[in-house]
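Below is one structure, written out as structure tokens; comments come after it.
Owing to the predicted nature of the structure, the values given are computational and were not obtained by experimental measurement. For reference, positions follow the sequence shown, starting with 1.
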Amino acid sequence: MERIKNVAALHDLASYGRCSLTCVIPVLSCMGVKVCPIPTAVYSSDTGGFGPVYARELTQEMVCILDKLRAIPARLDGVYSGYLGSPEQAEIVSRFMHERECLRVVDPVMGDDGRLYAAFDGRMVHAMRSLCRGASVITPNLTEAALLLDVPMPAPLSRREAVDMLDALHRVTDGDAVITSALLRDYPDSVCTIARDEESAFTVVAPRVPGTYPGAGDIFTSVLTGALLRGEVLPAAVRRAAAFVSRCMVYTHEAGAPTREGVLLERCLAHVLDAPEGVRIVPLREG
């Protein structure tokens with residue numbers, strides 16, 4: 001029997017809503033990957049529409065858990081980080097990642113809609129940039145990509161500008177770069193994920209669905225991580241992740257569920273390993 005792979009998931013945990021660890025664990029489990037959760041913070045709910053929340057960072061707890069995992073020593077095939085509450089947490093994760101010869105996935109969660117999150121400042125951007133440097137793959141959204149590159153938030157991108165942005169990210173990280181929620185001029189009515197590995201730059205084009213769903217980025221990167229651990233190459237993994245998120249969003253929109261509670265993940269999980277449908281891969285480089 002093939003050995004089940006393990007991934008350490010360093011994310012926050014929100015009690016109500018669908019985001020972070022409450023998405024990461026079921027998605028990766030359904031893809032046949034064992035999750036070793038390491039909470040970075042706990043919240044009473046997602047912060048995307050439920051009013052004031054209870055929040056507590058778990059920096060010292062992270063340190064103690066990671067020390068115990070080192071002592072076991074834990075066998076890990078991947079380390080995957082998402083929301084980190086402070087530059088100190090980013091440094092802790094960076095040290096842990098650098099100790100491991102495995103898949104290292106960084107979702108540099110720190111902003112959206114053209115703005116840095118209110119809880120963060122320039123120190124967090126610097127810390128995330130440092131963390132990304134040692135990653136196998138990074139998955140910023142368009143706002144986070146601009147923050148990592150210290151450039152203004154771009155308007156809808158031409159193909160050439162998309163390639164230039166991906167090339168610039170490759171000077172930030174030694175790994176592959178995937179930018180989610182990108183806007184491309186050639187596809188004004190679609191949502192694009194643009195990506196680049198050592199061989200090519202490409203976009204995955206998905207239909208635009210009305211509404212904003214918290215946790216969609218966590219689901220995307222979780223599927224991507226699972227696909228890479230299962231041996232899929234980057235273009236196939238990005239296509240699978242984009243197709244699954246699109247499927248979840250379409251299903252949730254058609255069901256009329258409130259967007260602030262995220263997608264109806266429970267109804268869609270059985271399809272995470274289905275052949276990707278409804279999206280297409282398009283090369284970004286011309287000629």
Side-chain angles (χ1 to χ4, degrees), residues 7-31 33-66 78-90 92-93 105-113 115-120 124 127-128 131 139-141 143-144 180-181 209 211-226 241 244-245 248-249 251-253 255 257-269 272:
V7 61
L10 298 108
H11 294 253
D12 63 297
L13 175 63
S15 177
Y16 194 82
R18 296 180 180 91
C19 67
S20 305
L21 282 175
T22 57
C23 292
V24 173
I25 294 171
V27 167
L28 283 168
S29 296
C30 284
M31 297 184 77
V33 177
K34 179 177 176 290
V35 180
C36 172
I38 303 167
T40 62
V42 291
Y43 293 89
S44 55
S45 69
D46 180 79
T47 58
F50 295 103
V53 301
Y54 170 80
R56 177 168 180 162
E57 285 190 19
L58 300 176
T59 305
Q60 187 55 46
E61 288 79 1
M62 284 174 60
V63 171
C64 293
I65 292 169
L66 293 176
V79 179
Y80 162 29
S81 71
Y83 180 84
L84 304 172
S86 65
E88 291 74 22
Q89 287 194 353
I92 291 166
V93 175
V105 179
V106 174
D107 184 1
V109 180
M110 56 181 169
D112 205 355
D113 296 325
R115 301 185 304 274
L116 186 70
Y117 290 144
F120 296 149
M124 192 64 185
M128 279 295 190
L131 176 58
T139 61
N141 61 33
T143 297
E144 291 154 353
T180 62
S181 304
V209 178
T212 300
Y213 294 90
D218 300 320
I219 295 170
F220 176 93
T221 305
S222 298
V223 176
L224 178 76
T225 301
F244 183 70
V245 171
C248 291
M249 293 176 70
Y251 181 91
T252 304
H253 175 67
T259 59
R260 71 175 185 170
E261 294 192 9
V263 298
L264 297 175
L265 180 63
E266 300 82 4
R267 302 289 178 84
C268 301
L269 277 170
V272 69

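Looking at E261 and D46, their side chains never come closer than 4.5 Å, going by heavy atoms from C-beta outward. Between H253 and Y213, some side-chain heavy-atom pair lies under the 4.5 Å cut-off. Contact check for D107 versus Y83: no side-chain heavy atoms found under the 4.5 Å cut-off. Taking the side chain as every heavy atom from C-beta outward, T252 and V209 never approach each other to under 4.5 Å. For the pair T259 and T212, the minimum side-chain heavy-atom distance is 4.5 Å or more. The shortest distance between side-chain heavy atoms of L84 and V109 does not fall below 4.5 Å. Counting heavy atoms from C-beta outward, P108 and L131 have side chains that stay 4.5 Å or more apart. At least one side-chain heavy atom of V223 sits under 4.5 Å from a side-chain heavy atom of M31.
Checking L224, V24, V263 one by one against I219, the side chain to side chain contact (heavy atoms under 4.5 Å, CB included) holds for a single residue, V263.
A donor and an acceptor atom, one from each side chain of S20 and D12, are located under 3.5 Å apart.
When all heavy atoms of V42 and L58 are compared, the pair lying nearest together is CG1-CD1, 3.9 Å. The two atoms that bring L264 and A255 nearest to each other are CD1-CB, 3.8 Å, heavy atoms only. Across T22 and A14, no two heavy atoms sit closer than the pair CG2-O, 3.7 Å. The nearest pair of heavy atoms linking T59 to Q89 is OG1-NE2, 3.1 Å. Nearest heavy atom pair, residue A41 against residue E57, reads CB-CA, 4.0 Å. Nearest heavy-atom pair, V53 versus Y43, reported as atom, atom and distance to 0.1 Å: CG2-CD2, 4.0 Å.
Between the OH atom of Y54 and the OG atom of S45 there is a distance of 13.0 Å, given to the nearest 0.5 Å. Note that CD of Q60 and CD of E88 are 12.0 Å apart. Values are rounded to the nearest 0.5 Å. The line from NZ of K34 to OG of S29 is 9.5 Å long, rounded to the nearest 0.5 Å. Annotation: the span from L269 atom CG to C248 atom SG amounts to 7.0 Å, rounded to 0.5 Å. The distance from atom CD1 of I92 to atom CE of M62, rounded to the nearest 0.5 Å, is 5.0 Å. Rounding to the nearest 0.5 angstrom, the gap separating the CD1 atom in I38 from the CG atom in L13 is 13.5 Å.
Judged as a side-chain hydrogen bond (donor to acceptor under 3.5 Å, both in side chains), the pairs with a partner in residues 215-224 (not counting sequence neighbours) are, in order, Y80-S222, T139-T221.
By the neighbour-count criterion of 12 heavy atoms within 6.0 Å, atom OH of Y16 is sparsely surrounded, having that number or fewer from other residues, nucleotides or ligands.
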